Amino acid sequence: MPAAPEADTPPHRYDADLAADIESRWQARWEASGAYETPNPAGELSRGRDAAGPKLFVMDMFPYPSGSGLHVGHPLGYIATDVYVRFKRMCGFNVLYTMGFDAFGLPAEEHARQTGQHPRINTEANIDNMRRQLDRLGLGHDKRRGIATTDVDYYRWTQWIFLQIFNSWFDPEARRARPIAELIDEFSSGARPAPDGRSWEQLGEAEQREVVDSHRLAYVADAPVNWCPALGTVLANEEVTNEGRSERGNHEVFKRPLKQWMMRITAYADRLLEDLDRLDWPESVKTMQRNWIGRSEGALISFPAAKTLPGPLHTIDVFTTRPDTLFGTTYMVLAPEHPLVDELTADGWPDGTPESWTGGAATPAEAVAAYRARAAELSDADRGDSKTGVYLGALAFVPFTAPDREDLIAELSPGHFTGTGELADFTLPTHDASDGNGQQGTSSQPWPEGRGERTVDIGVPVFIGDYVLMGYGTGAVMGVPGEDQRDREFAEAYGLPVIRTVQPPPDHPADLAYTGDGPSINSHFLDGLDVEASKALIVERLGESGFGRPTVNYRMRDWLFSRQRYWGEPIPIMFDDLGPVALPVDMLPLELPKLTDWAPRALARDSEPEPPLGRVTEWLDVELDLGAGRRHYRRELNTMPQWAGSCWYYLRYLDPRNDDALVDPEVERYWMADPDPGGVGGVDLYVGGVEHAVLHLLYARFWHKVLYDLGHVSGPEPFKRLVNQGYIQAYAFKDSRGVYVPAEEVEGSLEKGFSHGDEPVSRELGKMGKSLKNSVTPDDMYASYGADTLRLYEMFMGPIDQDRPWETRSVVGSQRVLQRVWRNVVDEETGELRVSDAAPDDDLLRLLHRTIDGVRSDMEGMRFNTAIAKLTELNNELTRRGTGAPRDVAEVLVRMLAPLVPHFAEELWHRLHGDGAGSVTQVEFPAADPALLVTDTVEVPVQVNGKLRGRVTIAADADDETAVAAALAEPNVAAHVGGRELRKQLYVPGRMITLVV
RNA sequence: GCGGACGUGGCGGAAUCAGGCAGACGCGCUGGGUUUAGGUCCCAGUACCCACAAGGGUGUGGGGGUUCGAAUCCCCCCGUCCGCACCA
């Protein structure tokens with residue numbers, strides 16, 4: 001509540017009204033003088049303040065202009081960067097600091113849909129509103145550089161980057177992206193053979209296009225995707241929650257195959273992983289990215305399989321991290337969606353098939369159909385813990401003979417494990433070595449070890465089961481119940497044999513899989529070797545025989561890049577009869593067509609996506625001459641995902657109005673260079689929420705690396721240092737029905753209980769926001785206290801990276817601090833200065849310099865809470881002394897406050913120095929005089945037998961003997977020593993005297 | 001289950017990086033002052049126990065260890081939060 005003017009309130013007290021007056025006045029002057037404009041080394045923005053001094057690039061994660069306005073939690077990170085930036089500017093750095101808006105994408109569009117207005121109108125109104133709320137905080141942004149991702153001049157370059165990616169391929173030997181033209185040259189010159197061994201000329205145009213397109217970093221694939229009918233669009237894995245619902249709106253999401261644009265981020269998996277080690281990021285975020293990428297080393301093993309013998313053989317490829325346990329395989333499981341399922345489904349149940357394997361169906365085909373239908377109903381998360389599956393009626397064969405093992409299986413299991421057949425016509429696949437997602441061709445290869453003549457083999461049954469996911473590895477596993485607990489549970493459920501292949505310790509429970517180390521057993525030529533050695537040998541043997549090879553598998557999939565939405569960047573691609581064709585770069589921007597009927601439609605689950613751009617018939621079909629004569633093309637109708645614009649906005653801040661390039665290379669080198677030689681470069685400090693740990697931050701790193709490979713940026717990483725600011729939490733209140741009630745209407749206390757009206761309510765701590773009805777708006781804080789008090793309070797609440805509960809009643813503490821500073825400089829009654837011209841005494845001077853020293857290092861380390869505590873301490877000392885502060889001390893204190901409370905400091909600065917003085921934002925930050933940090937005498941605590949017994953004042957350079965003598969002279973110390981002989985004496989200079997008796 | 005972060009007064013937190021006076025600074029609370037009153041503002045006190053005091057004892061989730069000395073380092077356990085999760 002704003003302080004009403006009271007008769008007895010001194011007229012010049014620092015209250016909300018005075019703060020509002022000061023804040024608006026200085027904001028206008030700063031704006032007029034371009035106080036925060038930072039010059040570039042070249043180009044249009046090279047005018048500005050003096051650019052001497054090292055560069056620093058500090059950035060916040062830019063916001064979505066959502067339209068519902070800010071609460072006090074939103075600007076926490078912005079205030080922190082602003083304080084840091086102001087401090088570094090005062091330390092002589094040339095700091096780039098600005099703010100843009102991430103305005104494309106689902107949130108803006110969903111909001112527009114609710115209000116019924118066109119997204120552009122909505123978005124621009126929201127941006128204006130957010131700018132106003134943020135400006136009121138006094139953030140020192142270079143406003144010339146602010147962009148919105150929806151600006152045509154901006155998304156023109158987003159489209160340009162898309163074309164760079166489309167026109168590139170990943171060369172696995174060079175481990176980097178190269179222009180697609182170089183690949184075409186290699187094919188046509190014969191330096192690189194065509195995939196099937198034919199010469200390039202022998203391939204038709206269609207085949208050539210297909211081969212080239214299959215190498216591009218941006219490509220169209222018909223792949224299982226996350227289809228969200230309610231939103232009318234597909235979503236990236238990253239946008240789907242664990243519960244299988246959309247991150248936005250919490251709608252149901254279904255897996256289904258659709259033709260979509262993909263980006264080959266998997267090609268960069270290893271580099272994204274390796275370079276994490278070179279980043280100054282929170283360990284938690286690095287860990288999340290590592291887990292997301294999910295690199296695991298193992299082997300790909302091929303199992304021959306057949307539904308009848310004799311009969312055609314198929315190959316089940318399996319990824320395993322434990323190839324050493326191969327001989328423990330007693331069954332196989334395919335994911336229900338696995339493409340081989342149909343081929344391996346037998347016509348009828350083999351003799352002796354147990355009832356439990358059939359799912360109660362009359363034939364394997366019926367069992368499969370029923371099981372698949374059930375699995376499709378369930379999202380990955382709903383599949384539950386119990387292991388289920390049905391038998392296909394087929395057998396698979398471990399690719400090595402192992403007579404002992406076969407005897408063992410024969411002994412453990414009923415007759416249906418034995419198949420008889422002629423294996424000579426088995427066809428082995430050849431795998432190309434490019435990557436885990438590479439295509440595979442087939443070619444004939446002989447069955448090793450002369451097995452073509454064998455007519456009897458021990459097969460293992462092949463199941464489908466939903467504990468095997470199509471989205472990981474090859475979608476098939478070898479069932480090894482001895483060494484894998486999930487396989488063990490499946491084996492238990494279906495009565496499958498268990499063969500241990502690693503000797504467990506004696507105390508290992510017999511009913512659990514053993515995953516630890518130990519000697520191999522029941523494993524033929526591996527027996528006796530430990531796990532590592534067994535892995536090495538089996539992989540070697542598999543390689544020799546052609547049945548397997550070492551491989552690296554990743555959890556991460558390629559990035560699904562297209563959305564069936566209106567409010568996004570149009571993808572600058574056209575299609576002719578043979579496939580996608582890039583729009584020439586000189587035809588950019590490809591503007592989003594004006595459309596009145598832009599709203600997405602909620603669709604039925606199995607309907608086809610309907611991109612809204614498909615409604616623009618005159619835009620859809622174009623005739624162009626791209627060099628091969630005038631031809632007809634159909635435009636791509638999908639738009640880019642929300643993440644596209646945020647993948648590179650930091651680069652556009654550098655050079656926002658450049659029409660010739662996304663950024664001038666000289667400007668890019670200046671701002672993105674790493675201060676440390678050999679560093680990765682990039683934004684020097686990036687502050688934002690941890691919720692972007694794997695989405696935005698992974699995509700942006702990927703794009704940056706592609707741009708780096710293609711020579712458009714000078715370093716391999718976009719963000720050198722990352723800080724995650726904590727969330728501001730707030731108490732929320734629920735009534736007896738569990739419904740949230742507005743927090744500001746709740747009365748009571750922890751002791752007395754809380755109530756809303758007459759009804760008792762319960763309290764909980766949660767993220768501030770609309771859903772918990774516990775928002776506090778910055779506008780309320782401006783009205784009650786002013787922006788500087790809000791800034792000071794938010795910085796004082798705790799370490800920047802920590803969550804903290806909001807307490808409106810505590811804000812007044814920060815206002816009192818400023819009031820006390822104000823009172824030490826300005827007379828509240830008259831408004832006159834009340835500083836004294838007397839020189840500060842020695843004690844005060846020493847305290848001042850200790851404060852300077854501490855505040856400087858706290859600011860540097862972004863420990864603003866402790867910096868504020870130290871400044872408060874100094875000011876409390878001034879208050880204790882009464883009589884107004886010595887002018888020299890007040891002047892230094894004001895300079896130290898300037899980064900935290902810039903308007904307040906600017907006002908006092910001008911009162912101290914007269915109106916001719918320059919801005920406090922551009923003076924130097926105080927530096928401590930080292931001579932004043934050391935003292936002649938020090939007060940040192942004394943411990944006797946580990947307990948504090950007194951303190952003595954001694955010369956700062958006193959030696960051991962002197963210190964101990966002084967300690968013994970202290971009565972309480974002497975009493976505790978009690979005349980006994982010292983067994984030990986120790987003096988840590990300036991810190992502690994320790995005596996042991 | 002795996003991985004990460006963390007645990008200090010009534011509350012937010014400081015001291016943890018580098019072992020050396022635990023509780024800086026602020027909120028709240030208690031008492032006092034200013035004020036017609038309330039509020040604002042100012043001053044003093046405020047970890048807990050004993051004591052008028054001087055002082056003494058206890059104390060940083062629990063247990064153990066290293067050390068002259070541990071909130072800090074090491075081991076085990078408990079608890080909270082976050083991320084991932086049938087990952088083969």
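In what follows, chains carry the letters A, B, and so on, assigned in the order in which the sequence lines appear, proteins first and then strands, with residues in each chain numbered from 1. It should be emphasised that the depicted structure is a prediction, and the values quoted were computed from it without experimental measurement.
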Any A/Arg880 side-chain nitrogen or oxygen under 4.0 Å from OP1 or OP2 of B/C43: no
Who passes side chain to side chain donor-acceptor pair (under 3.5 Å) against A/Arg850, sequence neighbours left out? none
Please report, rounded to the nearest Å, how far the P atom of B/G3 is from the CG atom of A/Leu276. 18 Å
Under the side chain to side chain donor-acceptor pair (under 3.5 Å) test, residues paired with A/Gln802 that sit two or more places apart: none
Residues at least two apart in sequence or cross-chain that pass side chain to side chain donor-acceptor pair (under 3.5 Å) with A/Thr872, listed by chain then number, are none
With heavy atoms under 4.0 Å as the rule, sort A/Arg555 into base, sugar-phosphate or nothing. base
Strictly below 4.0 Å: does A/Arg850 bring a side-chain N or O up to OP1 or OP2 of B/A24? no
How would you list, by chain and number, every residue that makes a ring pair (Phe, Tyr, Trp, His ring centres under 6.0 Å) with A/Tyr785, sequence neighbours excluded? none
Under a 3.5 Å cut-off for both distances, is B/U35 Watson-Crick or wobble paired, and to whom? none
Classify A/Thr879 by what it touches in the nucleic acid, base, sugar-phosphate, or nothing, heavy-atom distance under 4.0 Å. sugar-phosphate
Rounded to whole angstroms, how far apart are CG on A/Asp858 and P on B/A14? 11 Å
Output all residues satisfying side chain to side chain donor-acceptor pair (under 3.5 Å) with A/Asn945, sequence neighbours left out; order by chain, then residue number. none
Using Watson-Crick or G-U wobble geometry with both distances below 3.5 Å, tell me the partner of B/G1, or none. B/C84
Whole-angstrom distance between B/C81 and B/C86, as gauged at atom C1': 25 Å
Every protein N/O lying under 3.5 Å from an N/O of nucleotides 52-56 of chain B:
from  : atom 1 : to       : atom 2 : distance (Å)
B/G56 : OP1    : A/Arg949 : NH1    : 3.2
B/G56 : OP1    : A/Asn972 : ND2    : 3.4

What's the CG-C1' distance between A/Leu818 and B/G26, to the nearest Å? 13 Å
How would you label the contact of A/Glu873 with the nucleic acid (heavy atoms, under 4.0 Å): base, sugar-phosphate, or nothing? sugar-phosphate
